[in-house]
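Here the structure is a predicted model, which means the values were calculated and not measured. The sequence lines fix the lettering, A, B, ..., with proteins before strands; numbering per chain opens at 1. All values below were derived from every heavy atom in this structure, side-chain atoms included, with hydrogens, water molecules and symmetry-related copies excluded.
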There are 2 protein chains.
Amino acid sequence: MITMQRGPQPADFADVRATNLAVVLRYVRGNAPCSRAEIAAATGLNKATVSSLVADLIDRRLLRETGLTEHRIGRPATMLMLDGSPYAAIGIEVNADYLTAVAVDLAGTQVLSWRRSFAGLGASPAQAATAIAALGRRAVNRVVKDGRRVLGLTVGVPGLVDSAGVVTLAPNLGWRDVNLRGALIRALGDPDFPVGVDNDANLAVLAESRYGAHAGTRNLVYLTGEVGIGAGIIVDGRLLRGHRGFPGEIGHITIDPGGPACRCGRRGCLEAVAGIAAIVSRVIPEATSDGELTDLQPEIDEVVRRARAADPAALQALTEVGHGLGQGVSIVADLLDPEVIVLGGYFVPLAPWLLPAVETELASRRIAPDLGGPQVSASILDHGAAATGGAATVLDHVDEGHLPTP
Amino acid sequence: MITMQRGPQPADFADVRATNLAVVLRYVRGNAPCSRAEIAAATGLNKATVSSLVADLIDRRLLRETGLTEHRIGRPATMLMLDGSPYAAIGIEVNADYLTAVAVDLAGTQVLSWRRSFAGLGASPAQAATAIAALGRRAVNRVVKDGRRVLGLTVGVPGLVDSAGVVTLAPNLGWRDVNLRGALIRALGDPDFPVGVDNDANLAVLAESRYGAHAGTRNLVYLTGEVGIGAGIIVDGRLLRGHRGFPGEIGHITIDPGGPACRCGRRGCLEAVAGIAAIVSRVIPEATSDGELTDLQPEIDEVVRRARAADPAALQALTEVGHGLGQGVSIVADLLDPEVIVLGGYFVPLAPWLLPAVETELASRRIAPDLGGPQVSASILDHGAAATGGAATVLDHVDEGHLPTP
DNA sequence: TTTAGTTCGTCTGACGACTAAACAAATTAG
DNA sequence: CTAATTTGTTTAGTCGTCAGACGAACTAAA
């Protein structure tokens, strides 16, 4: 049965065709190599219809025939697989101190991965947009030079982004009501592919649901572990958007009213209890907390070193932070009932020491212990998760039936 | 564009037809009385197609022609409206101390509303199922006697209900792994209409989104204020289901680790801070807390009386409870970004005293004060919200294109 | 009263997409 | 070499929508 998005949204034949093309495309993505007959049997579509759909997809260079089966009774089947090569999707991730660009072809292989430094807070939004657009243009040029067509470009920003691509608030970049999407489209010279801007946690969870260890999970939450803590939420297979487009703002929920002061002015926010700055300052008390926006990687490395060396103070601090994080994770678990909660960002290297405490906290808060609950695990994607997710949104759009025209 | 539910789910003509029938039905529901031409103009469907769809809907007795327009230039239009009369949907709500049954016709008018006492904890699950089925059968008989066909029956239960209609856990009823749906279907003698079982908060939020003060809101959260606190969540127009089917379990998130003891064994749970039992025991300290499952209505009435009389202790207690509730509401707001949060159950009569503190708390926790946030308001539906929601699920199913066959 | 203009809803023919069934092609088993 | 099997195409048919033409019914104005 077809489901509808909103009020008056009638369907016609083009929709049927698009739906079925997408069904075949997704089936081949998940079951390549496979034959037309197999697709027909698995999807319930008629063999003739599958032939027609496959011919269409081959015309659009989305599928490719790849040899025949052998040594089987009956006529050999011509196998099909994705032909990712003629297309690519680009994702860019904006951070306080660097930009990441990733390009992925239609079959999911990464064809480009760049990282360049970037003065997030030093630059004006207009300068930043110029820098992002420059990186985007270079990525586009590279991809085009390789003979691919660009299907879309999506930029991830650590902040609140509305549905029009306006960055309403991004504290770590010092932005307020910046129409980044508009600026990018202008700077790229009205490109013929769609340009999008989205929250970095949203994109990261999309990357996780497509390329992560739990790919395909329909109820998934991703917690960013950067300077702040944010959540990207996929429920029932769809990214949660909310009314204004700002869900998952989990960083400032109160974990402990008597806890440490938070830079938001309140006490005991999740970010103040379990944010990266809190971890670093607890494990390395002698470190000078010089502003919030320097690259924290060296400090994180030091934390890992101390934990590996079984430094008691470090282990104690990480356990306590893990309990605090576990409380936040419990709230997410109670409210959303996800199957998996993935910890990302700087939580990943610290996961061996954080996870046990998180699990303990989670287990102690179950309504009924035997009912089970979400699994918590560290992301296997590296720091470019949001960039990869930016590319993934473009591919999702294709998978939903918005195919490129030949 | 059509969206698909999951993997291999191809579309065909029947889907197109069902989608468009539902589009017309929903349009008429929202804009009755209206003409065929108006439907065509508003939906983008062809006039001929609309004529065909409308004829189909009239055949199924879902629509009815109602006179002509007059005093307008041009040929007068034959107006259409919903013909609710031949069908009805039934919802039943199970509580610790009573059952509520509601029947609603297709146009949304309530055609039946019963309440009968019920020994929730005293009876075995089998006895309870028999009692529920008996009430259901009586409601069905009455509806059928009135010449209506029953489109479905859905039962709301205060507890965790999985997608198969098994009540996994319902502390207030003392149930554990009760296959209520199976028992009801058996007791009703394999009826020819669908029978469903769902969580009461889920059903209440569906009722709210169809009949409440904020009907039509696509991002809506409903907080039950019964013995426990649960949340029903609609995001992006869809009921949030979660992985196991147990989202919105908000009652035992920790608001204050140093707060009052909760019957779950922990401290400072939302339920212990802002649950009805907490309110009663704080406002009426002299009341003996004799078990948890007596009808709390008299105590609530007393609380209202004292608040009306401006009893300082009562006002103070309600304000503090409101702040606690506000913290819970803030968490929901941060995580889900809803447009409206509706307080239900026993919160409704106390809303005049709780809401100001809730609003204050919510405002103080905003990331950016000028970005706005959710509106909080008390439900205008009475205690049968979940029962009404049970009927609403059935109507939603029709609105999604699963029309009754003539 | 007549005529023009407007709007409604149906009718007609065409088109596009899917289905079922027959069929041709290619291979293995014996 | 034949029978069995499986693949994928072809053919005829069905169904729902679309565009445009058309008749019907009404108002407004000459």
Peer 1: Hey, is the side chain of A/S51 poking within less than 4.0 Å of OP1 or OP2 on D/dG8, counting only N and O atoms?
Peer 2: no

Peer 1: Is there a residue in residues 53-63 of chain A whose heavy atoms reach under 4.0 Å of DNA chain C, and which residues are they?
Peer 2: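 Residues of residues 53-63 of chain A under 4.0 Å from DNA chain C: none.
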
Peer 1: Does A/K47 or A/G44 map to a spot on DNA chain C nearer the 5' end, using the closest nucleotide for each?
Peer 2: A/G44

Peer 1: Once you round it to whole Å, what is the distance between P of D/dC15 and CG of B/D15?
Peer 2: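 Interatomic distance, CG of B/D15 to P of D/dC15: 16 Å.
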
Peer 1: Mind running side-chain contact (heavy atoms from CB on, under 4.5 Å) on A/L21 and A/L57 for me, showing each step along the way?
Peer 2: CA-CA 7 Å; A/L21 283 168; A/L57 291 169; 3.8 Å; yes

Peer 1: Using a 4.0 Å cut-off on protein heavy atoms (strictly under), produce a 5'-to-3' string for nucleotides 12-17 of chain C with B for base contact, S for backbone-only sugar-phosphate contact, and - for none.
Peer 2: ----BB

Peer 1: Ignoring hydrogens and geometry, is there a side-chain-to-backbone donor-acceptor pair from B/D162 to B/G165 under 3.5 Å?
Peer 2: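 At least one qualifying donor-acceptor pair exists.
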
Peer 1: Would you mind reporting whether B/D83 and B/L63 have side-chain heavy atoms less than 4.5 Å apart?
Peer 2: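 The answer is no; the side chains never approach within 4.5 Å.
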
Peer 1: Yes or no on side-chain contact (heavy atoms from CB on, under 4.5 Å) for A/L151 and A/H397, after CA distance, side-chain angles and deciding distance?
Peer 2: CA-CA 10 Å; A/L151 293 176; A/H397 199 240; over 6 Å; no

Peer 1: So, do B/L239 and B/V205 sit near enough that their side-chain heavy atoms are less than 4.5 Å apart?
Peer 2: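 SC-SC contact between B/L239 and B/V205 confirmed.
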
Peer 1: Base, sugar-phosphate or nothing for A/S52? Non-hydrogen atoms, less than 4.0 Å.
Peer 2: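 It contacts nothing in the nucleic acid.
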
Peer 1: Give a yes/no answer on whether the side chain of A/N46 brings an N or O atom under 4.0 Å of OP1 or OP2 in C/dC18.
Peer 2: no

Peer 1: Can you give me the N/O atom pairs linking the protein to nucleotides 25-30 of chain C at distances under 3.5 Å, or say none if there are none?
Peer 2:
| from | atom 1 | to | atom 2 | distance (Å) |
| --- | --- | --- | --- | --- |
| C/dA26 | N3 | A/R75 | N | 3.3 |

Peer 1: Give a yes/no on whether any side-chain N or O of A/T78 is located under 4.0 angstrom from OP1 or OP2 of D/dG8.
Peer 2: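 Yes, because at least one side-chain N or O of A/T78 sits under 4.0 Å from OP1 or OP2 of D/dG8.
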
Peer 1: Does B/R244 come within less than 4.0 Å of A/D337, counting only side-chain N to carboxylate O?
Peer 2: yes

Peer 1: Parallel, tilted or perpendicular for A/F13 and B/F13, by the 30°/60° rule?
Peer 2: perpendicular

Peer 1: Give the rounded distance in Å between these two atoms: CG of B/D12 and P of D/dT17.
Peer 2: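 For the pair B/D12 CG and D/dT17 P, the rounded distance is 12 Å.
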
Peer 1: For B/R210, give me all partners under side-chain hydrogen bond (donor to acceptor under 3.5 Å, both in side chains), at least two apart in sequence or on another chain.
Peer 2: B/D396, B/D399

Peer 1: Output all residues satisfying side-chain contact (heavy atoms from CB on, under 4.5 Å) with A/S209, sequence neighbours left out; order by chain, then residue number.
Peer 2: A/L220, A/I234

Peer 1: To the nearest 0.5 Å, what is the distance between CD1 on B/I185 and CZ on B/F193?
Peer 2: 9.5 Å

Peer 1: Going by salt bridge (Lys or Arg N to Asp or Glu O under 4.0 Å), name the pairs with one or both residues in residues 42-56 of chain A, residues two or more places apart or in two chains.
Peer 2: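 Counting only pairs at least two positions apart or across chains, the salt bridge (Lys or Arg N to Asp or Glu O under 4.0 Å) contacts touching residues 42-56 of chain A are A/R17-A/D56, A/D56-A/R60.
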
